[in-house]
Undergrad: 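What follows is a structure written as structure tokens; I'll ask about it next.
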Amino acid sequence: MNIYDRIMGIGTKMTDMDASTYQGAFIGKISYTANREKAEAATEITYAYGDVKENAFMYILSILGTVPGEEEPVEKMTITLVKASDKAKDIKRVEKAEYENEEPFHTFSKEEVYAFSKETGDENKIHLTDHPVVQGMLLLRTAACKLDKLTRLDVKFTEPSYAEEELYWGFNNREYVLYADGYVKASFKAVTC
């Protein structure tokens with residue numbers, strides 16, 4: 001299976017859970033690992049929940065992808081959701097630096113954000129407004145499709161990305177940095193083989 005379909009499978013499984021539990025929460029981090037060769041060779045991958053942990057500030061979910069005949073999962077995604085808070089928080093914005101190989105990442109239309117929500121079943125209201133937040137899974141899928149021979153991708157979200165923002169990314173000798181309007185939105189640490 002290709003990476004696009006695999007990320008969609010994980011995203012769809014993530015929204016199987018009772019959506020009201022996570023309403024208003026946003027993704028803080030995602031860690032994705034794959035046995036690339038086995039995942040790409042699979043004709044079907046079944047996704048199931050691993051551990052779900054919760055504290056006062058966040059939920060940590062894991063989703064495992066398995067194929068028939070394989071004892072170990074061929075994929076694992078761990079998602080850290082930051083809980084919505086009644087307290088107003090100021091986002092500490094991080095200014096972008098100069099990066100190697102800066103290039104356009106993608107400008108998501110509202111329709112793309114809405115369509116991703118519909119396709120995955122994600123009913124979180126932050127993705128369905130007139131000025132929607134781009135789903136962390138949609139950003140991860142886009143990055144994963146741009147990177148060749150991916151076996152691990154760790155994403156840390158700094159601030160929300162919105163539909164209609166012109167997103168760019170560049171490399172800073174450690175990770176790919178996603179930014180818009182001079183401010184960092186996320187960083188991607190990738191392992192390829």
Undergrad: Walk me through whether Glu103 and Lys146 qualify under salt bridge (Lys or Arg N to Asp or Glu O under 4.0 Å).
TA: CA-CA 12 Å; Glu103 61 183 30; Lys146 290 177 178 280; 5.4 Å; no
Undergrad: Looking at Asn55, is its backbone amide N or carbonyl O close enough to the side chain of Lys83 to form a donor-acceptor pair, meaning the two atoms are under 3.5 Å apart?
TA: yes
Undergrad: Is it the case that the side chain of Glu166 and the backbone of Ala180 share a donor-acceptor pair, with hydrogens and angles ignored and the cut-off at 3.5 Å?
TA: no
Undergrad: Specify the closest pair of heavy atoms between Leu138 and Glu112, including all atoms of both residues, with the distance to one decimal.
TA: CD2-O, 4.3 Å
Undergrad: I'd like to know whether the aromatic ring centres of Tyr99 and Tyr168 sit less than 6.0 Å apart in this structure.
TA: no
Undergrad: May I have the step-by-step check of side-chain contact (heavy atoms from CB on, under 4.5 Å) for Met14 and Ile79, ending in yes or no?
TA: CA-CA 9 Å; Met14 183 179 159; Ile79 304 138; 3.6 Å; yes
Undergrad: Please name the pair of heavy atoms, one in Arg152 and one in Ser31, separated by the smallest distance, quoted to 0.1 Å.
TA: NH2-OG, 3.2 Å
Undergrad: About how many Å separate OG1 of Thr129 and CG of Asn124, when rounded to the nearest 0.5 Å?
TA: 10.0 Å
Undergrad: The test is side-chain contact (heavy atoms from CB on, under 4.5 Å); show your working for Glu102 and Lys96 and say whether it passes.
TA: CA-CA 11 Å; Glu102 292 186 49; Lys96 79 171 249 355; 3.3 Å; yes
Undergrad: Would you say CD of Glu111 has more than 12 non-hydrogen atoms from neighbouring residues, nucleotides or ligands within 6.0 angstrom?
TA: yes
Undergrad: Other residues, nucleotides and ligands only: do more than 12 of their heavy atoms fall within 6.0 Å of CD on Glu40?
TA: yes
Undergrad: Which heavy atom in Ile3 sits nearest to a heavy atom in Cys145, and how many Å separate them?
TA: CG2-SG, 3.9 Å
Undergrad: Donor-acceptor pair, Ser62 side chain versus Asp51 backbone, under 3.5 Å?
TA: yes
Undergrad: Between Leu167 and Leu139, is a side-chain contact (heavy atoms from CB on, under 4.5 Å) present by the stated rule, with each step listed?
TA: CA-CA 10 Å; Leu167 295 170; Leu139 292 167; 3.9 Å; yes
Undergrad: Please check if the side chain of Thr192 supplies one atom and the backbone of Lys149 the other of a donor-acceptor pair under 3.5 Å.
TA: no
Undergrad: List the atom of Lys29, the atom of Phe157, and the distance in Å for their closest heavy-atom pair.
TA: N-CD1, 4.1 Å
Undergrad: Residues in side-chain hydrogen bond (donor to acceptor under 3.5 Å, both in side chains) with Glu165, at least two apart?
TA: Lys185
Undergrad: Please confirm whether Phe171 and Tyr176 have ring centers closer than 6.0 angstrom.
TA: yes
Undergrad: For Asp122 and His127, work out which heavy atoms get closest and say how close.
TA: OD2-CD2, 3.3 Å
Undergrad: With heavy-atom distances below 4.5 Å as the criterion, would you say the side chains of Tyr47 and Met77 are in contact?
TA: no
Undergrad: side-chain contact (heavy atoms from CB on, under 4.5 Å) for Ile60 and Thr78? Distances and angles first, verdict last.
TA: CA-CA 7 Å; Ile60 301 173; Thr78 303; 3.7 Å; yes
Undergrad: Give the minimum heavy-atom separation between Glu100 and Asn173, together with the two atoms involved.
TA: OE2-OD1, 2.6 Å
